[in-house]
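To start, the structure itself, in structure tokens.
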Amino acid sequence: MEVFSTIESLKKAVSEAKNVGKTIGFVPTMGALHEGHLSLIQTAKQHCDVVVVSIFVNPIQFNNADDLKTYPRTLEADCDKLKTVGCDMVFAPSVEEMYPEPVTETYNFGELEAVMEGPQRPGHFSGVAVVVRRLFEIVEPLKAFFGEKDFQQLAIIKQLVKQLNLNLEIVPCPIVRADDGLALSSRNMRLSADARAIAPKIYETLCGGKNKMNECTIDEVKTYVIDTLNSYEVFEPEYFEIVNDTTLQPISDWNASEGVVGCIAVWLDGVRLIDVIRFK
Ligand code: PAF
């Protein structure tokens with residue numbers, strides 16, 4: 001496994017691999033890797049000959065300076081983990097390498113970002129789109145792999161690819177959960193032991209909501225999820241929306257869309273956790 005910090009050196013290695021007929025799979029990350037990321041790389045390995053992983057804490061997608069400052073940076077440990085799953089190339093550029101000039105480019109994803117994470121994190125998805133587009137242009141992969149835990153991000157990346165007519169396939173990958181159901185996230189490591197012990201109630205409550213879908217309206221399921229989490233007192237739900245899985249617009253009737261998911265953001269112990277459940 002080789003680690004590259006410059007665009008030029010990575011591009012050279014990728015083009016050498018392509019010249020001998022290898023296909024390139026790409027997994028963009030911000031590091032602090034866990035089993036969820038590693039499963040993306042394992043999936044990428046099944047689809048492509050060479051897997052490139054980027055590790056870059058993208059400053060322009062953070063709306064909170066403290067969050068950016070305290071975001072874990074663990075390159076050495078990340079590389080050790082990447083070796084165990086057969087990653088071929090790591091791209092770990094500096095901020096100056098990715099953004100030699102001030103960023104003036106912005107993106108607007110309309111309705112897709114008018115809901116859920118969008119209003120809570122102004123500018124976040126535009127910052128994600130800027131870096132993902134640049135990374136796609138550098139790596140030029142055949143396929144790129146994204147987790148379904150960041151469901152709205154995945155929808156926005158698909159839209160970005162459509163909007164710019166980019167020549168690659170986006171492969172969605174299922175959420176990886178701990179044995180107790182908690183969706184794996186780099187943020188879980190910030191939870192205290194007590195908070196970590198109760199955190200699985202989020203997914204348990206989402207499953208409880210799903211079990212009610214045959215006898216309850218959408219509003220009733222939403223109320224059940226919010227009220228149940230509030231009853232533990234330690235949770236502060238920010239939103240829980242039941243949405244069309246393509247447009248991400250909230251629906252009020254189970255039959256309004258073929259694919260329906262529930263997306264939640266909850267504060268626990270000063271940490272913002274997100275999760276997703278598929279209803280149908
Ligand atoms: O999901 C992430 O880790 C980031 O948003 C991404 C896609 C690597 C862009 O910085």
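The structure presented is a predicted model; accordingly, all values stated were derived computationally and were not measured. Remember, it's 1-based here, ligands and their atoms both numbered in the order they're listed. Values reported hereafter were calculated over all heavy atoms of this structure, with side chains retained and with hydrogens, waters and symmetry mates removed.
Aromatic pair Phe56/Phe91: ring centres not closer than 6.0 Å. Residues Phe145 and His47 bring their aromatic ring centres within 6.0 Å. Proximity of the aromatic rings of Trp254 and Phe279 is defined here by a centroid distance below 6.0 angstrom, and this criterion is met.
Looking at His37, Gln61, His124, Met30, it is Gln61 that brings a heavy atom closest to atom 10 (O) of ligand 1.
Contact annotation: for Ile157 versus ligand 1, there are no heavy atoms closer than 4.0 Å.
The distance from ligand 1 to the heavy atoms of Val131 drops below 4.0 Å at these ligand atoms: 9 (C), 10 (O). Atoms of ligand 1 lying under 4.0 Å from any heavy atom of Gln153, numbered from 1 in the order shown and given with element: 1 (O), 2 (C), 4 (C), 5 (O), 7 (C). Numbered from 1 in the order shown, with element, the atoms of ligand 1 that lie under 4.0 Å from a heavy atom of Thr29 read 8 (C).
Geometric assessment of Lys212 against the ring of Tyr224 yields a positive cation-pi assignment under the 6.0 Å and 45° thresholds.
Looking at heavy atoms from C-beta onward, Tyr239 lies out of side-chain contact with Val115 at the 4.5 angstrom threshold.
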